[in-house]
Colleague: 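The structure's right below; bear with me while I get my questions together.
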Amino acid sequence: MASASSKERSRDGIAELARRRGFLWQAFEIYGGASGFYDYGPLGALLKRRVEEAWRKFYLREGFYEIETTNVAPREIFEASGHLESFTDRAVVCKHCKSFFRVSEGVDVRGKCPECGGELEAAGEINLMFQTRIGLSKEERDEEAQEKTEGYLRPETAQGIFINFQRLLRFNRDKLPFGVIQIGKAYRNEISPRKSLIRLREFTMAEAEVFVDPGEKSNHPRFDEVKDRMLWFVPSEGEGGEKSLEEAVRSGIISNEYLGYHIVKVEEFLERIGIPRDKLRFRQHRPEEMAHYARDCWDAEFLSDRYGWMEIVGVADRGDYDLSSHASHSNTDIGVHVQLPAREGETVKTKAKITPHVIEPSYGIDRIIYALLESSFYEEQVGKEKRKVLRLKNEIAPIIAAVFPLLNRDELKSKAKEVFQMLRDTSIFVEYDDSGSIGRRYRRQDEIGTPYCITIDYETLADDTVTVRERDTMKQVRVPIGKLEEVLV
RNA sequence: GCGUCGAUGGUCUAGAGGUAUGACUUGGGCCUUCCAAGCCCACUGCCCGGGUUCAAAUCCCGGUCGACGCACCA
């Protein structure tokens, strides 16, 4: 056990750091905890917010508008979305080979295991949605009345966008294509949540829904901007490997330009916030692993030292599944009139009514946070000490800079506090520290990914310059206080 | 959900029937003109519940949480 657990521990350095330095805490800890729930501590919350902010900016720049919809929704929404049907079957498990089966026409508790012929036992309900009640319900009421009060926590944020489609279309002045984003919590009552942030019961998703005329799917107006981008594709069939997007689309690996465009955007974003490109690939779902709504799906996978390849973003072609289904369940017409291009010799343009298709990049923010922490964590030998450093990009680092007096003396401390306060008054988030030796303070900041440390020394008192020490190189430059703001951005 | 193993200050750890070891961290002080230095002082702990026993961190039972394997992950 000793050797296994010490190996475990060294591989787990980032988990220990995240806990100790206030990034990530198991939820409900003082009550013994509950599996699948994590709280973000002060630094974790800052990091997460900065990642979300970077994501928001990225998609707003692409022309998307953000909306915010409810976490709780009535039963009908999930009847229409297909989640109720896909989630509430009873399940059985084979006592012998442990295979799991959904109860269906062919399989029930009294039957035999289709895999090995072993005895089956009930394994409860597969219901990944958390159920709740909306309003009061009297127990003696009939079943129909019960159903009326039945509500669920959303298992994805997307439905809130689909059910507002008409409003959104109108907001976009009845023109396709357009895109909508949402960042928010989603909930899935996982059977066995594990692996820190990888499988949570409550998690943050950032989803973008692109509505496009199906006839235009292979004609993205900005395809040229991204077509030469090289990506690592792993299709469900045939050879994978590094290809340009254009090649992938032309050879049919990627079925349309819209899907391809957004796959590239996913990689651009991930790279921008600091996920290393060589740890990223795009893997296509096999038909049997596809969600009920998807006609095609590509996962952006991150190569984790700890967990191997793991999904951090899914890019799905949902076709017209959601809009059509909500249209029929809600008895609403959500078709869109589009103009067809005028043909040779025709004087009148024809109009057609179509149901848009949806391309959906869906980001698991918590998994991305994990990937960022793991891939930016380094332990390196500096002299006799091990230096732990989080090489986070400036754009997402929880704290941009820390201000120190070189020595714990009043004249340096008061000057340092002055500089600290000056920076806090800008949008640059800084920290102040005067405890222990200067070296200790540098290392403390390295550990939490602070890119810069500003030190006030006696020279500062003479000429108003400070040293700025860079996290990754540990090199220092002298900078006038007045120029700090531009140096730190 | 099943199986195996585990849980001791903030972190990591020693202890295998007599209420706990050490290191680091943290806080205070001294020292210190740039990378976890040194010295002094201080704080903090046996996952929860039940049982056995004069006595339980230690043994037994149950639970919770975690790691790993199987299954699950629309």
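These numbers come from the heavy atoms of this one structure, side chains and all, not from hydrogens, waters or symmetry mates. All of these numbers come straight from a predicted model, not from anything done at the bench. Residue numbers begin at 1 in each chain, while the letters A, B, ... track the order of the sequences.
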Colleague: Applying side-chain hydrogen bond (donor to acceptor under 3.5 Å, both in side chains), name anything that partners A:Arg424, two or more places apart in sequence or on another chain.
Modeller: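 A:Arg424: no side-chain hydrogen bond (donor to acceptor under 3.5 Å, both in side chains) contacts found.
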Colleague: Would you please name every residue forming a side-chain hydrogen bond (donor to acceptor under 3.5 Å, both in side chains) with A:Lys279, sequence neighbours left out?
Modeller: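 Here no residue qualifies.
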Colleague: What one-letter contact string describes nucleotides 34-39 of chain B from 5' to 3', where B marks a base within less than 4.0 Å of any protein heavy atom, S marks contact via sugar-phosphate atoms alone, and - marks no contact?
Modeller: BBBS--
Colleague: What pairs with A:Phe37 under ring pair (Phe, Tyr, Trp, His ring centres under 6.0 Å), at least two apart in sequence or on another chain?
Modeller: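 A:Phe37 satisfies ring pair (Phe, Tyr, Trp, His ring centres under 6.0 Å) with A:Phe28 once adjacent residues are dropped.
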Colleague: Could you list all N or O pairs between the protein and nucleotides 43-51 of chain B that sit under 3.5 Å apart?
Modeller:
none

Colleague: Just jot down the ring pair (Phe, Tyr, Trp, His ring centres under 6.0 Å) partners of A:His329, sequence neighbours excluded, or say none.
Modeller: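 Listed in chain order: nothing, the list is empty.
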Colleague: Who passes side-chain hydrogen bond (donor to acceptor under 3.5 Å, both in side chains) against A:Glu29, sequence neighbours left out?
Modeller: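 None.
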Colleague: Name the nucleic acid region contacted by A:Pro155, choosing base, sugar-phosphate or nothing; use a 4.0 angstrom heavy-atom cut-off, strictly under.
Modeller: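 The residue A:Pro155 makes base contact.
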Colleague: Give the dot-bracket string for RNA chain B, reading 5' to 3', where a pair is Watson-Crick or G-U wobble with both distances under 3.5 Å, ( ) marks pairs inside the strand, [ ] marks pairs crossing earlier ones, | marks a partner on another strand, and . marks unpaired.
Modeller: (((((((..(((.....[...))).(((((.......)))))....(((((..]....))))))))))))....
Colleague: Need one value for A:Tyr293: base, sugar-phosphate or nothing, where a base atom within 4.0 Å counts as base even if backbone is also close, heavy atoms only.
Modeller: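 Base: the residue A:Tyr293, judged by heavy atoms under 4.0 Å, touches a nucleobase.
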Colleague: Taking the C1' atom of each, how far is B:rG17 from B:rC54, in whole Å?
Modeller: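 One C1' to the other, the span is 12 Å.
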Colleague: Looking at residues at least two apart in the chain, or sitting in another chain, which of them share a side chain to side chain contact (heavy atoms under 4.5 Å, CB included) with A:Ile334?
Modeller: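 Once residues adjacent in sequence are excluded, the partners of A:Ile334 under the side chain to side chain contact (heavy atoms under 4.5 Å, CB included) criterion are A:Phe165, A:Gln166, A:Leu323, A:Ala327, A:Thr332.
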Colleague: Whether the side chain of A:Arg188 engages the backbone of A:Leu200 through a donor-acceptor N/O pair (distance < 3.5 Å, no angle test) should be reported.
Modeller: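 It does not hold such a pair.
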Colleague: Please report the distance separating the P of B:rG50 from the corresponding atom of B:rA36, rounded so that it comes out in whole Å.
Modeller: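 Here B:rG50 and B:rA36 have their P atoms 49 Å from each other.
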Colleague: Scan the side chains in residues 477-489 of chain A for donor-acceptor partners under 3.5 Å anywhere in the protein, sequence neighbours excluded, and list what turns up.
Modeller:
{"residue": "A:Arg478", "atom": "NE", "partner": "A:Glu459", "partner atom": "OE2", "Å": "3.2"}
{"residue": "A:Arg478", "atom": "NE", "partner": "A:Thr465", "partner atom": "OG1", "Å": "2.7"}
{"residue": "A:Arg478", "atom": "NH1", "partner": "A:Asp457", "partner atom": "OD2", "Å": "3.1"}
{"residue": "A:Arg478", "atom": "NH1", "partner": "A:Glu459", "partner atom": "OE1", "Å": "3.4"}
{"residue": "A:Arg478", "atom": "NH2", "partner": "A:Asp457", "partner atom": "OD1", "Å": "2.8"}
{"residue": "A:Arg478", "atom": "NH2", "partner": "A:Thr465", "partner atom": "O", "Å": "3.1"}
{"residue": "A:Arg478", "atom": "NH2", "partner": "A:Thr465", "partner atom": "OG1", "Å": "3.3"}

Colleague: Of all residues at least two apart in sequence or in a different chain, which pass the ring pair (Phe, Tyr, Trp, His ring centres under 6.0 Å) check with A:Trp25?
Modeller: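 Here no residue qualifies.
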Colleague: Does any donor-acceptor pair link the side chain of A:Arg199 with the base of B:rC72 at a separation under 3.5 Å?
Modeller: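 Result: at least one qualifying N/O pair found.
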Colleague: Report yes or no: is the cationic atom of A:Arg281 (NZ for Lys, CZ for Arg) closer than 6.0 Å to the six-membered ring centre of A:Trp309, at no more than 45° off its axis?
Modeller: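 Judged by the rule (NZ or CZ under 6.0 Å from the ring centre, within 45° of its axis), A:Arg281 counts as positioned above A:Trp309.
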Colleague: Touch check for A:Ala294, heavy atoms < 4.0 angstrom, all strands: base, sugar-phosphate only, or nothing?
Modeller: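 No contact at all - A:Ala294 keeps every heavy atom at 4.0 Å or more from the nucleic acid.
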Colleague: Would you indicate whether the side-chain heavy atoms of A:Phe211 and A:Ile161 approach each other to under 4.5 Å?
Modeller: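 Yes - at least one pair of side-chain heavy atoms lies under 4.5 Å apart.
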Colleague: Do any N or O atoms of the protein come closer than 3.5 Å to N or O atoms of nucleotides 60-63 of chain B, and which pairs are they?
Modeller:
none

